[in-house]
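Worksheet: the structure to be examined is printed underneath.
Atoms within a ligand are numbered from 1 in the order they appear, just like the ligands themselves. All of these numbers come straight from a predicted model, not from anything done at the bench.
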Amino acid sequence: MKTILLAGGAGYIGSHTAVELLNAGYDVIIADNYSNSSPEAVRRVEEITGKTVKTYEVDIKDTEKLEKIFQENNIDAVIHFAGLKSVGESIEKPVLYYRNNIDTTLSLLECMEKFNVNNIIFSSSATVYGEENPVPYTEDMKRGTCTNPYGWTKVMMEQILEDTAKANKNLSVVLLRYFNPIGAHESGKIGEDPKGIPNNLMPYVSQVAVGKREKLTVFGRDYDTKDGTCTRDYIHVVDLAKGHVKAVEYIFEHKGTEIFNLGTGTPYSVTEIVETFEKVNSLKVNHVYGGRRQGDLPECFANADKALKVLGWKTEKTLDDMCRDSWRWQKNNPDGYNK
Ligand code: NAD
Ligand code: UD1
């Protein structure tokens, strides 16, 4: 049985990935400083799967403490989710973002080298395609120009990982470029739990529906898209988590760096999201149309062929599933994990 270390594994995507890895028979260790998550998420992962998860409360930047985890366990692969991810905050606090996101990556690579752990899967983002590349994005496109420090940290970390794999022929790196993860585990026990006012669309929609926010502002309806609002490639977080299981299976057979888009390949507009959420959950989401948000691209969606061809992975859930599951989580946990 292989042991997978999930750095930042108590977060939204990490907790869902932990469930899928445990269900597939892997041992899972979670290392997290809970800066944007809660130990309760891990408890619920255990509840869903009926399995135990070894946890470490640790700042991944702290190489000495991180080494202890590598000393105490036989780790076969690392999945690196640990990062700060708010675009707006990254513009206000660039040093915090560069320090946290880059240093966590460097500490992990240093420990991995010291303890001869040679497999790392990294949470990258569609944001690395930048402004220049045309949609749909394919993995062979050059990384583009980002509009914010968060995006640049992803570009830089991809480069760091690629360079390290070039220098160390034993190292295997898989860069997973996520599109827009939404939804929640169908049990309604784990989901996205943003602190403060949500930046992202689906948590905002859910919080309006549950009465925590008065109304959603749709950012711009004058884009050159099907209905004037921006389109995105929304992916159910459980499909995304299953993509990680496929990447783990793949990484043990592979050396060097490989990149995969994890998306559905189908774009939906903001208006379609609101309308679908209202339809499948039989409720109304109070919303108004406002001006554009700075830095938003009109369209963003994947060509997801490579993940199907190489990993044998494709998404299975529909937009209806995503909206239903997001709402179940929000309705059952109006205050997230803090109830
Ligand atoms: P999240 O904030 O829910 O999870 C990140 C986890 O990392 C949190 O539990 C946080 O406490 C932890 N963490 C952060 N810095 C740490 C540190 N120094 N030491 C230890 N733990 C630390 O975010 P998520 O949505 O689950 O995203 C996971 C990864 O995927 C992130 O790297 C994010 O940038 C990337 N990503 C997310 C999305 C998205 O839309 N959610 C899209 C593309 C990429
Ligand atoms: C954003 C980030 C991206 C990051 C991703 C996950 C920007 C420019 N991009 O992607 O780098 O990887 O989150 O954290 O911030 N919308 C509204 N009203 C709202 C919120 C969003 O209309 O209150 C619209 C946006 O204009 C966009 C769509 O909904 O068209 C999706 O927005 P969001 O969920 O923030 O994701 P992205 O902007 O695609």
| query | Mind checking what makes ring-ring contact (aromatic ring centres under 6.0 Å, His included) contact with His236, not counting sequence neighbours? | reply | none
| query | At a 4.0 Å threshold, what atoms of ligand 2 neighbour a non-hydrogen atom of Ser125? | reply | 12 (O)
| task | In plain terms, say whether Arg177 and Glu139 are close enough for a salt bridge, that is, a side-chain N and a carboxylate O under 4.0 Å apart. | result | no
| field | Atom indices of ligand 2, in the order listed, that fall short of 4.0 Å to a heavy atom of Asp296 | value | 8 (C), 25 (C), 26 (O), 38 (O)
| task | Answer yes or no for Ala126: is there a heavy-atom contact with ligand 1 below 4.0 Å? | result | no
| request: Name the closest protein heavy atom to atom 1 (P) of ligand 1, giving the residue it belongs to and the distance to 0.1 Å. | output: Asn36 ND2, 3.9 Å
| message | Any donor-acceptor pair under 3.5 Å linking the side-chain atoms of Asn261 with those of Lys306? | response | no
| Are Phe260 and Tyr250 near enough that their ring centres are under 6.0 Å apart? | yes
| task | State the atoms of ligand 1, each with its element, that fall below the 4.0 Å cut-off from a heavy-atom position in Ser123. | result | 29 (C), 30 (O), 32 (O), 35 (C)
| field | Any N/O pair Asp59/ligand 1 closer than 3.5 Å | value | yes
| field | Closest approach of any protein heavy atom to atom 24 (P) of ligand 1, naming residue and atom | value | Lys85 NZ, 3.8 Å
| query | Is a side-chain donor-acceptor pair under 3.5 Å present for Tyr150 with Ser86? | reply | no
| query | Could Arg44 and Glu40 be called an ion pair, given the rule that one side-chain N must be under 4.0 Å from one carboxylate O? | reply | yes
| query | Going by distance alone, is a donor N or O of one side chain under 3.5 Å from an acceptor N or O of the other, for Thr145 and Glu132? | reply | yes
| task | Among all protein heavy atoms, pick the one closest to atom 37 (C) of ligand 1 and tell me residue, atom and distance. | result | Ile13 CD1, 3.8 Å
| remark: Nearest heavy atom to atom 36 (O) of ligand 2, choosing from Val128, Val274, Leu216, Asn180, belongs to Asn180
| query | Which bit of Tyr178 gets closer than 4.0 Å to ligand 2, counting heavy atoms only: side chain, backbone, both or neither? | reply | neither
| Which of the numbered atoms in ligand 2 are below 4.0 angstrom from a heavy atom of Cys230? | 30 (O)
| task | Return yes when Cys300 approaches ligand 2 closer than 4.0 angstrom through a heavy atom, no otherwise. | result | no
| task | Starting from atom 15 (N) of ligand 1, find the nearest protein heavy-atom neighbour and note its residue, name and distance. | result | Asn100 ND2, 3.1 Å
| field | Asp222/Arg292 salt bridge by N-O under 4.0 Å criterion | value | yes
| said: Any salt bridge linking Lys226 with Glu272? Criterion: basic side-chain nitrogen under 4.0 Å from a carboxylate oxygen. | reply: yes
| His80 N/O to ligand 1 N/O under 3.5 Å | no
| Asn199 heavy atoms, cut-off 4.0 Å: which ligand 2 atoms fall inside? | 20 (C), 35 (O)
| Please state which protein non-hydrogen atom is closest to atom 12 (C) of ligand 1 and give its distance, to 0.1 Å? | Asp32 OD1, 3.4 Å
| Main-chain N/O of Ser269 paired to Thr231 side chain as donor or acceptor, under 3.5 Å | no
| task | For Val58, take its heavy atoms, then give the atoms of ligand 1 lying under 4.0 Å from any of them. | result | 19 (N), 20 (C)
| Can you tell me which residue and heavy atom of the protein come closest to atom 4 (O) of ligand 1, and the distance to 0.1 Å? | Gly11 CA, 3.5 Å
| query | Any ion pair linking Glu186 and Arg328 (charged N to carboxylate O, less than 4.0 Å)? | reply | no
| query | Against heavy atoms of Lys154, which atoms of ligand 1 measure under 4.0 Å? | reply | 31 (C), 32 (O), 33 (C), 34 (O), 35 (C)
| Numbered atoms and elements of ligand 2 in range of Val218, under 4.0 angstrom, heavy atoms | 22 (O)
| query | Looking at Lys212 and Gln330, what are the two nearest heavy atoms and their distance? | reply | CD-NE2, 4.5 Å
| message | I want to confirm something. Looking only at heavy atoms, which of Ser107, Gly8, Pro181 is nearest to atom 7 (O) of ligand 1? | response | Gly8
| field | Arg99 bridged to Asp103 by N-O distance under 4.0 Å | value | yes
| said: Counting non-hydrogen protein atoms only, what is the nearest one to atom 28 (C) of ligand 1? Give residue, atom name and distance. | reply: Phe81 O, 3.5 Å
| task | Kindly identify the option in Thr127, Asn33, Val87, Asn180 whose heavy atom sits closest to atom 17 (C) of ligand 1. | result | Asn33
| message | I'd like to know if the side chain of Tyr56 pairs up with that of Asn73 as donor and acceptor (distance under 3.5 Å, no hydrogens or angles considered). | response | yes
| task | State whether a side-chain donor-acceptor pair under 3.5 Å links Thr3 with Asn74. | result | no
| Is there a donor-acceptor contact under 3.5 Å linking the side chains of Ser37 and Tyr337? | no
| field | Nitrogen or oxygen atoms of Asn148 and ligand 2 under 3.5 Å apart | value | no
| Going by the order shown, which atoms of ligand 1 are within less than 4.0 Å of some heavy atom of Tyr34? | 11 (O)
| request: Any atoms of ligand 1 less than 4.0 Å from a non-hydrogen atom of Ser35? List them with their elements. | output: 10 (C), 11 (O), 13 (N), 14 (C), 15 (N)
| Can the positive tip of Lys2 be found less than 6.0 Å from the middle of the six-membered ring of Phe252, inside 45° of the ring normal? | yes
| Location of contacts on Val270 toward ligand 2, heavy atoms closer than 4.0 Å | side chain
| said: Looking at Lys68 and Glu64, is there a salt bridge between them, counting it only when a charged N and a carboxylate O are closer than 4.0 Å? | reply: no
| note | A student comparing Val87, Val205, Asp233 should find that the heavy atom closest to atom 7 (C) of ligand 2 comes from Val87
| note | Closest to atom 19 (N) of ligand 1 among protein heavy atoms sits Ile60 N, 3.0 Å
| note | Quick note on ligand 1: atoms under 4.0 Å from a heavy atom of Ser124 include exactly 43 (C), 44 (C)
| request: Indicate yes or no: does Asp320 engage Lys279 in a salt bridge with an N to O separation below 4.0 Å. | output: yes
| message | Please list, in number order, the atoms of ligand 2 under 4.0 Å from a heavy atom of Thr127. | response | 11 (O)
| Of all the atoms in ligand 1, which lie at a distance below 4.0 Å from a heavy atom belonging to Ser37? | 8 (C), 9 (O), 11 (O)
| request: State if Tyr234 counts as touching ligand 2 under the rule of any non-hydrogen atom under 4.0 Å. | output: yes
| said: Regarding atom 36 (N) of ligand 1: of the candidates Tyr234, Tyr178, Tyr12, Phe179, which has the closest heavy atom? | reply: Tyr178
| field | Asn101 side chain vs Leu84 backbone, donor-acceptor pair below 3.5 Å | value | yes
| request: Find all atoms of ligand 1 within a distance of less than 4.0 Å from any non-hydrogen atom belonging to Tyr150, and give their numbers and elements. | output: 33 (C), 34 (O), 36 (N), 43 (C), 44 (C)
